[in-house]
Amino acid sequence: MGLRQLARLLRVSLLPSALADGLAGLVLGSQGEVPEPRLFLWLPASAALYHGGMALNDWADRHHDAATRPDRPIPSGAVPAAFALSLGLGLLGMGVLLGSLAHPWLGWGGLGLAGLVTAYDLVGRGPLLGPLLLGSCRSLNFGLPLIVAAAAPAPGLLILAASYGAWVALVSTFARAEDGEAPLIPARQQSLLLACAASLPIPALTAGI
């Protein structure tokens with residue numbers, strides 16, 4: 001098993017997107033102050049949860065990939081299925097542990113996020129459930145450190161995290177349409193996309209950011 005195939009399994013190239021969510025939450029929540037150092041443990045926690053979810057996703061899709069994408073690490077035989085499953089579950093557990101070391105709320109939130117990641121990988125199919133689960137995962141990854149880092153959590157912060165999750169859920173419908181997993185209605189989805197983009201600054205301004 002080579003490092004290249006392992007990196008493909010874990011989607012290492014996509015790691016910055018997960019780290020950016022967590023870092024943005026810490027920075028925006030602290031509102032100009034330096035966050036408590038231990039809160040930065042959420043970044044490796046987020047990375048572990050993200051990569052664990054990727055490994056578990058490939059394990060869950062191994063039979064489908066064998067027919068449609070046989071060059072993927074598991075169908076090609078480069079990464080054993082049992083190893084991918086163990087690695088995915090181990091990384092999810094590590095993410096929860098690191099989150100609990102960062103802050104008790106991040107520990108419980110990490111546990112909830114791990115549950116959502118697992119649900120997305122195992123049952124997150126369909127044009128509605130999949131995007132909703134994905135948006136919820138991204139919303140928690142951003143929203144948990146946002147709330148914990150804030151000296152005085154405000155409702156606007158919750159709205160900001162929820163708005164980001166809604167944005168991700170909406171954008172993911174386009175990806176599913178590209179893959180033929182959902183119908184694409186350009187006029188309706190374009191209107192929703194523009195409305196969502198226009199509304200994103202409102203909760204940020206309400207939260208005083």
Provide the closest heavy-atom pair for [X] versus [Y] in the form atom of the first, atom of the second, distance.
X	Y	result
L15	A47	CD1-CB, 3.6 Å
H103	L39	CB-CD2, 4.0 Å
A60	D121	CB-O, 3.5 Å
S13	P16	O-CD, 3.5 Å
G88	A55	CA-CB, 3.8 Å
A102	L41	CB-CB, 3.7 Å

Is there a path of hydrophobic side-chain contacts, each under 4.5 Å between heavy atoms of I/L/V/M/F/W/Y residues, joining [Y] to [X]?
X	Y	answer
V123	L113	yes
V117	Y50	no
L14	L116	no
V27	W105	yes
L134	L49	yes

Q.
Using the rule given for side chain to side chain contact (heavy atoms under 4.5 Å, CB included), can you reason through S163 versus I159, listing the C-alpha separation, both sets of side-chain angles and the distance that settles it, and then say yes or no?
A. CA-CA 6 Å; S163 298; I159 298 173; 4.0 Å; yes

Which atom pairs, one a donor and one an acceptor, fall under 3.5 Å between side chains of residues 140-147 and the rest of the protein, sequence neighbours left out?
from : atom 1 : to  : atom 2 : distance (Å)
N141 : OD1    : W42 : NE1    : 3.2
N141 : OD1    : S46 : OG     : 2.8
N141 : ND2    : A18 : O      : 3.1
N141 : ND2    : S46 : OG     : 3.2

Q: Using side-chain hydrogen bond (donor to acceptor under 3.5 Å, both in side chains) as the criterion, list what pairs up with R4, not counting sequence neighbours.
A: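 R4 satisfies side-chain hydrogen bond (donor to acceptor under 3.5 Å, both in side chains) with no other residue.
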
Q: Check step by step if side chain to side chain contact (heavy atoms under 4.5 Å, CB included) holds for L10 and L91.
A: CA-CA 10 Å; L10 298 177; L91 286 172; 4.0 Å; yes

Q: Output the distance between atom CE (M54) and atom CG (L87), rounded to the nearest 0.5 Å.
A: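 Atom-to-atom, M54:CE and L87:CG are 13.0 Å apart.
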
Q.
Could you measure the distance from the OG1 atom of T118 to the CG atom of N57? Nearest 0.5 Å is fine.
A.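 That separation rounds to 11.0 Å.
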
Is a side-chain N or O of [X] found less than 3.5 angstrom from the main chain of [Y], in a donor-acceptor match?
X	Y	result
S139	A161	yes
R138	S136	no
S100	L97	yes

Q. Any side-chain heavy-atom pair from R38 and L101 closer than 4.5 angstrom?
A.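 The answer is no, as the side chains (C-beta and beyond) never meet within the 4.5 Å cut-off.
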
Q | Pair L23-L19, side chain to side chain contact (heavy atoms under 4.5 Å, CB included): steps then yes or no | A | CA-CA 6 Å; L23 185 59; L19 294 181; 5.9 Å; no

Q | Contacts of type salt bridge (Lys or Arg N to Asp or Glu O under 4.0 Å), residue R62, not counting sequence neighbours | A |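 For R62, no residue satisfies salt bridge (Lys or Arg N to Asp or Glu O under 4.0 Å) once neighbours in sequence are set aside.
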
**Q.** Pair listing, salt bridge (charged side-chain N to carboxylate O under 4.0 Å, His left out) test, anchored in residues 70-79, at least two apart
**A.**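 Non-adjacent pairs meeting salt bridge (charged side-chain N to carboxylate O under 4.0 Å, His left out): R8-D71, D58-R72.
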
Q | ring-ring contact (aromatic ring centres under 6.0 Å, His included) contacts in which one or both residues fall within residues 11-30, not counting sequence neighbours | A |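 For residues 11-30: none.
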
Q | Set of residues satisfying side chain to side chain contact (heavy atoms under 4.5 Å, CB included) with respect to L85, sequence neighbours excluded | A |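 Side chain to side chain contact (heavy atoms under 4.5 Å, CB included) check on L85 returns L56, W59, L89.
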
